[in-house]
Amino acid sequence: MSVKQVEMVLAPREPHYVGDGFRVHNFIPSGYGLTMQRMDPFIMLDYGAKFYFPPSPSKAKGVGVHPHRGFETVTIAYKGSVAHHDSSGGGGVISEGDVQWMTAASGVLHKEYHSEEFSKTGGDFQMVQLWVNLPAMDKMSTPKYQAIANAQIPKIPLSNEGGFIEVIAGNYEGHTGAATTFSPIHMYNAKLKTGGEAQFNLPPQFNTGLLVIEGSVIVNNNEEVPLDHFALFANKGESFTVKATEDCIVLILSGEPIKETIAAHGPFVMNTRQEILQAFEDYENGKFGTLED
Ligand code: MN
């Protein structure tokens, strides 16, 4: 098996706020070279690096009711907790280590907030939100919601007590992940102890990257990836190693590109401009359901 090399390491961009509760660094699609096409099917990646929010007991911070159509939103909580409600009846609170996989597909309204409990106490908040594109044939399918508690995520121990791999989606060395996906995707949290090393074998044509959430790592024994940085892999070779230079958490993303035309505008991601206009029209005509503020 040949080595999959790091193509580039990206530092986080200046953060911006989504609503008043999500302070994020955008990597996709505004990172250097990380267009929607380059990381297809991962078309958006907002990373909320660890940040302290003071208590806000009278009003939970977050983003009010807004629509989505044509893709999935995947939220991974690392610190603090997020509450979500959508117009198809999906909802819940995710906390450290949990994942929320919402398939907007034909359209939902949703709102995303710090949980009531977190708002009372305040504290460190850290999360990732990904948008995963859907193949054209699934864009208008029925919305769906997968609440994935950390306990449901398979954890594959590494040798020499080096830590473990959480398989969120896809599979790792024959162990199947917790989430179901519409196109082939592997998504892991590697939770490694200092000196721990994990090996990954992923198809060369899959778009692959990793984000260092905690600690720092060396990839293939030659490429240092510091905290809060994203490493993009070349679409060549299958195999790479990640070694922890300190206790770390690394999010690994790998997906088969869907390779269809992308027409994106605000909260809608479709294949044609006509479908975007249709989404706006349907939204204005109340076809995304109802959800209270
Ligand atoms: Mn949203």
Side-chain angles (χ1 to χ4, degrees), residues 15-30 36 39 41-49 51 53 59-78 80-95 98-116 118-119 125-134 138-148 168-169 179 181-182 185 187 251 253 262-270 275-276 279-280 282-284 286-293:
H16 69 274
Y17 272 86
V18 179
D20 62 0
F22 300 96
R23 179 186 178 273
V24 299
H25 306 267
N26 182 265
F27 279 99
I28 308 169
S30 67
M36 288 183 166
M39 272 303 285
F42 307 103
I43 49 176
M44 206 284 300
L45 169 55
D46 269 347
Y47 171 50
F51 185 77
F53 281 88
K59 187 186 171 293
K61 293 179 186 294
V63 198
V65 176
H66 60 279
H68 290 300
R69 172 180 281 181
F71 59 96
E72 304 182 288
T73 66
V74 178
T75 307
I76 308 170
Y78 291 99
S81 58
V82 189
H84 157 101
H85 289 94
D86 70 55
S87 54
S88 77
V93 175
I94 58 165
S95 297
D98 302 336
V99 178
Q100 178 195 92
W101 199 295
M102 186 194 75
T103 307
S106 65
V108 296
L109 303 177
H110 81 155
K111 52 184 179 181
E112 301 157 279
Y113 285 100
H114 295 180
S115 72
E116 198 179 327
F118 181 84
S119 301
F125 193 82
Q126 187 179 22
M127 51 77 74
V128 161
Q129 186 167 90
L130 280 159
W131 289 6
V132 178
N133 207 2
L134 288 170
D138 298 312
K139 280 187 179 290
M140 292 302 283
S141 62
T142 308
K144 180 171 125 177
Y145 183 79
Q146 301 175 71
I148 304 166
I168 299 169
T181 66
F182 285 79
I185 283 169
M187 191 181 296
L251 173 65
L253 306 171
I262 297 172
H265 195 105
F268 307 129
V269 182
M270 303 301 289
E275 289 167 344
I276 292 292
F280 277 100
D282 290 350
Y283 173 56
E284 278 158 22
K287 292 189 180 166
F288 284 60
T290 54
L291 185 66
E292 272 178 37
D293 252 322

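Both ligands and their constituent atoms are indexed starting at 1 by order of listing.
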How about the Mn ion (ligand 1), which protein N, O or S atoms come within less than 2.8 Å?
His66 NE2, His68 NE2, His110 NE2, Glu112 OE1

Audit row: Arg69, Phe288, side chain to side chain contact (heavy atoms under 4.5 Å, CB included) steps and yes/no:
CA-CA 9 Å; Arg69 172 180 281 181; Phe288 284 60; 3.7 Å; yes

Do the side chain of Asn26 and the main chain of Asp46 share a donor and acceptor less than 3.5 angstrom apart?
no

Relative to the ring of Tyr47, is the ring of His25 parallel (under 30°), tilted (30 to 60°) or perpendicular (over 60°)?
tilted

Where does the angle between the aromatic ring planes of Phe51 and Tyr17 fall among parallel (under 30°), tilted (30 to 60°) and perpendicular (over 60°)?
perpendicular

Residues His85 and His110: side-chain donor-acceptor under 3.5 angstrom
no

Residues at least two apart in sequence or cross-chain that pass salt bridge (charged side-chain N to carboxylate O under 4.0 Å, His left out) with Lys144, listed by chain then number, are none

